[in-house]
Amino acid sequence: MFDAQRPAGASAGEAAPARWLPGGRLAPAAPAIAAAALVVFPLVSSNAYWIRELSLIVVLALVVSGLNLTFGHAGELQFGQVFAFGLGCYVTMILAIHVWNDVAALLLIGGMVAAAAGALAALAATRIGGWPLAITSLLLIITIPDLASIFPQATGGLNGLIDIPSPHLVGQAVDSTALCEIAVIVAIAWFAIYRNLVTSRYGVVLRTLRQSPVLAASLGFSPMRIRLVAHALGAFPAGVAGCLFGFISLVVTPSAFGLSLAIGVVAASIVGGADSVYGAIAGAAVLQLGPEGSLTLDRYAPIAYGAVLIVAAIAFHGGLSGLGQTAAARLGRRWRGPPRVLLGDAGASVGGAFTEALDGAALSAVSLSKSYGTARALDDVSLSARPGEVTGLIGSNGSGKTTLLNLICGFGRTAGPGAVRLGGTDITRLSAQAIARRGVARTFQTPSIPRGVSALDVVASGRFARDPRGLVSCVLRLPGYRRSRHADRREALALLDLMGLAEVADHEAATLSLGARRLVELARALCAQPRLLLLDEPAAGLSAEQTRRLGEIIRAIAGAGATVVVIDHDFAFVAGVADIAYVLHAGTLIAGGPAAAVAAEPVVIESFLGRPSAPAERSHTTQARPHRTDAIELSRVVSGYGNRAVLRQVSLRPRRGEIELVLGPSGAGKTTLLATIAGLVPLRAGTIALDGRDVGRLPAHRRAAAGIAYVPEGKRIFRERTIVENVVLGTFPLSLSRRERAALCDEVLSGFPVLQARSAQPAGVLSGGQQQMLAIAQALAARPQILLLDEPSSGLAPSVASEVFQNIRRLSDGGMTVLIVDRLAREALAIADHVTVLDAGGVVAACAPEAYGDPEALLTARLGEG
């Protein structure tokens with residue numbers, strides 16, 4: 001089983017984290033015993049059939065492992081492994097026939113030839129990615145017969161190579177048993193290398209590339225170089241397997257490397273687990289032995305492989321290795337008891353992580369401009385930031401803040417003669433990874449965390465570029481690598497402790513809450529010891545306590561000497577942490593100076609908050625409303641995740657045409673409540689009734705069709721689709737004609753003028769706030785009876801948030817029932833008809849909004865009694 005170091009402060013009684021993440025250790029005894037058994041088997045067995053089958057399983061496992069490395073770990077969707085397999089086989093067998101047949105030399109040559117072909121595939125990956133790359137690489141397999149026909153004297157043409165000699169090793173003939181021994185030993189060596197690679201720093205880097213090339217570049221890694229390593233290493237074992245296959249079969253024909261084998265390799269990868277090391281062996285064994293189990297099934301291998309793929313995708317996630325991991329996790333929970341709940345407010349003293357000074361560098365951005373088509377995102381913007389100070393950057397949605405950060409980081413080029421200087425050095429034309437290596441670290445508006453990586457290794461990845469170790473050092477675990485690995489863990493743990501997240505250090509970071517992921521991302525940026533730190537919306541999604549602590553951390557970072565630039569829509573937060581503030585509006589810099597003075601300027605107030613106006617009155621008070629029936633009723637609802645119950649005996653009765661505001665401290669169960677109503681979190685006990693009909697056992701899509709629309713936190717839209725196409729997707733639960741659907745979309749977009757004006761543009765070009773508005777518009781297109789809004793103001797400027805809240809009020813007045821969870825409690829309270837307060841998964845108060853008119857009462861409702 002997997003073993004990882006327990007983080008400081010974790011108790012012996014807490015549940016074990018996911019031990020199969022990069023950096024974890026498989027107990028040495030298990031693979032060692034399996035390897036010994038495989039080595040001994042050919043020596044003690046006299047069964048030629050099973051010796052041959054073991055040899056072929058090893059060959060297929062080598063090919064599958066290369067696909068797992070390239071696709072499962074690096075996310076490079078290319079299925080040309082069979083081409084590398086065939087290339088290694090033909091080259092080595094031609095050499096065996098015409099030059100010499102020493103198996104050791106030919107194994108190395110086969111691997112090197114395939115690795116060279118993989119490197120060429122990496123060049124293609126920079127131009128075409130995703131499915132186009134997969135299809136292109138798959139088409140390479142079709143060319144194998146044609147390539148064989150072009151050189152018939154060397155390859156034997158379509159008839160293939162039939163006079164392959166038996167292999168030799170240091171002058172001695174190698175029989176089938178010895179060849180099986182060689183195959184097993186080679187596979188053991190490769191899988192040891194493969195395992196060391198993906199559980200080392202390189203494994204984290206590969207998964208970072210899979211998550212986002214932009215993220216990889218922002219950490220100082222070249223996406224091109226990582227792709228080159230991934231494709232070359234992934235092809236190497238396929239070339240080695242080709243040499244083994246040629247000597248095992250002694251006959252090589254083009255038909256042996258067809259689409260049937262390509263489908264089989266993919267099937268074996270999925271069955272074993274695409275992101276698993278040893279899953280490649282299990283998948284290869286299943287797929288090699290399966291078709292051999294019936295004399296007739298071998299003719300229909302592609303159909304069998306396809307069926308296996310479908311069953312594997314439906315029956316179990318993560319393949320056979322995923323099943324084993326799930327079983328191990330359940331046994332761990334049963335052995336150690338239920339997991340502890342992380343409160344997220346503990347940690348070391350804020351100054352403790354910055355005992356050493358940070359070498360800050362002054363930032364000077366001069367005359368930066370950027371356009372997207374005809375839209376001007378930035379227009380001649382200049383600003384500066386100094387070491388030891390926090391520089392705030394504020395502005396309404398779409399004002400160009402993130403675009404400015406991207407230009408500073410190298411993710412885009414300024415239009416015109418603008419320049420970016422860091423510490424007096426011009427970095428305008430440098431690549432993003434080169435800028436990162438010069439000490440520029442950043443966070444993203446939406447946290448970018450690679451899947452399958454522990455929080456500890458995510459944070460540690462920030463220091464990889466400043467303490468690089470070569471591939472050989474990582475694979476062989478040389479002393480230099482071990483020292484770096486120890487330093488990685490020590491610094492990462494210190495930063496996680498600073499963030500109050502030390503107890504989840506060995507848990508998968510991507511599964512943490514939004515607020516925790518933001519803090520992990522900040523810790524990753526700090527681990528790089530940046531000279532310039534750029535923070536894009538760092539406080540979005542954080543609780544009040546986390547936001548306060550974040551402000552302290554940012555001030556401590558600046559106090560240690562770093563240059564810090566912060567973007568955030570929380571005006572009070574920026575004003576509280578920033579020394580200097582700049583204000584953008586419509587791509588233009590309209591103000592700059594001391595934060596307190598800038599906040600008071602009328603032009604800033606008007607652009608950021610909107611024109612002053614009298615507080616909006618409710619269309620009618622709760623008392624003046626006529627009697628309304630219950631729209632949805634929750635009775636003694638219990639739900640949660642895994643073995644942990646989050647909601648405990650929650651009862652709620654929102655009325656038709658009213659707005660129900662759900663308040664409570666972080667972790668009280670507010671988001672879980674909305675997700676349970678929407679059907680995304682299973683109901684364990686209790687009932688959920690919509691218009692008297694029990695919908696608590698219906699799947700999520702049936703609830704959506706019944707009139708429940710859920711807008712989760714995080715701007716979950718289709719960024720490649722246009723704005724209007726996103727809204728059209730929301731209408732699919734309705735039976736409408738094409739004309740009716742178009743009219744409904746126009747009606748919905750009319751409530752969001754900024755979206756309506758850009759309806760033909762891809763959603764990905766919208767600002768974060770505009771994307772949030774589009775997510776709400778998409779939900780409204782389903783004409784729901786019940787609208788569930790989780791943090792609808794997240795990422796919105798106050799003026800836009802106010803507009804959204806007023807739109808919600810109008811929807812309620814039109815008869816729609818709305819449940820809101822939002823951090824802007826005062827603004828949401830102004831439109832609410834009823835308030836429910838959750839704490840520790842239960843309802844602690846249910847009353848009219850007027851009960852929270854007192855600021856102290858509202859603060860208690862938002863943060864809890866403590």
- prompt: Does Arg451 reach the main-chain N or O of Arg210 with its side chain, forming a donor-acceptor pair under 3.5 Å?
  reply: no
Indicate every side-chain donor-acceptor pair of residues 175-183 with a distance under 3.5 Å to a residue at least two apart or in another chain.
| from | atom 1 | to | atom 2 | distance (Å) |
| --- | --- | --- | --- | --- |
| Asp175 | OD1 | Thr177 | N | 3.3 |
| Asp175 | OD1 | Ala178 | N | 2.8 |

field: Any side-chain heavy-atom pair of Ser461 and Val205 under 4.5 Å
entry: no
message: Suppose the criterion is ring-ring contact (aromatic ring centres under 6.0 Å, His included): which pairs have a residue in residues 192-217, not counting sequence neighbours?
response: His73-Tyr194, Trp190-Tyr194
query: How would you list, by chain and number, every residue that makes a side chain to side chain contact (heavy atoms under 4.5 Å, CB included) with Ala460, sequence neighbours excluded?
result: Phe464, Asp488, Ala492
statement: Sorted by chain and residue number, the side chain to side chain contact (heavy atoms under 4.5 Å, CB included) partners of Arg437 (sequence neighbours excluded) come out as Gln433, Ala434, Ala465
field: Sidechain-backbone polar pair: Arg482 side chain, Arg477 backbone, donor-acceptor under 3.5 Å
entry: yes
message: In the structure I gave you, are the side-chain heavy atoms of Cys474 and Arg485 within less than 4.5 Å of one another anywhere?
response: no
- prompt: Counting distance only, does the side-chain N/O of Ser269 pair as donor-acceptor with the main-chain N or O of Val265 below 3.5 Å?
  reply: no
query: Is the backbone N or O of Leu476 less than 3.5 Å from a side-chain atom of Asn196, with the two atoms forming a donor-acceptor pair by type?
result: no
query: Does a side chain donor of either Ser473 or Arg201 reach within less than 3.5 Å of an acceptor in the other side chain?
result: no
- request: Would you mind reporting whether Ile164 and Val251 have side-chain heavy atoms less than 4.5 Å apart?
  value: no
task: Look only at the side chain of Ser45 and the backbone of Pro42, and say whether a donor-acceptor pair between them is shorter than 3.5 Å.
output: no
message: Does Arg225, at its CZ atom, have more than 12 non-hydrogen atoms belonging to other residues, nucleotides or ligands within less than 6.0 Å?
response: no
message: Within the 4.5 Å heavy-atom criterion, are Ile193 and Leu233 side-chain neighbours or not?
response: no
query: Looking only at heavy atoms, which two atoms of Leu219 and Gly462 are closest? And how far apart?
result: CD2-CA, 4.5 Å
query: Side chains of Ser200 and Val475: does their closest heavy-atom pair fall under 4.5 Å?
result: no
field: Over 12 foreign heavy atoms within 6.0 Å of CD1, Ile162
entry: no
message: Does any part of the side chain of Arg52, heavy atoms only, come nearer than 4.5 Å to the side chain of Ile248, both counted from C-beta?
response: yes
- line: Taking every heavy atom of Gly246 against every heavy atom of Val252, the minimum-distance pair comes out as CA-CG2, 4.0 Å
Side-chain heavy-atom pair Val63, Phe245 within 4.5 angstrom cut-off: no
task: Please name all residues satisfying salt bridge (charged side-chain N to carboxylate O under 4.0 Å, His left out) with Arg466, sequence neighbours left out, ordered by chain then number.
output: Glu491
message: Restricting to side chain to side chain contact (heavy atoms under 4.5 Å, CB included), what partner residues turn up for Leu38, sequence neighbours left out?
response: Leu54, Val184
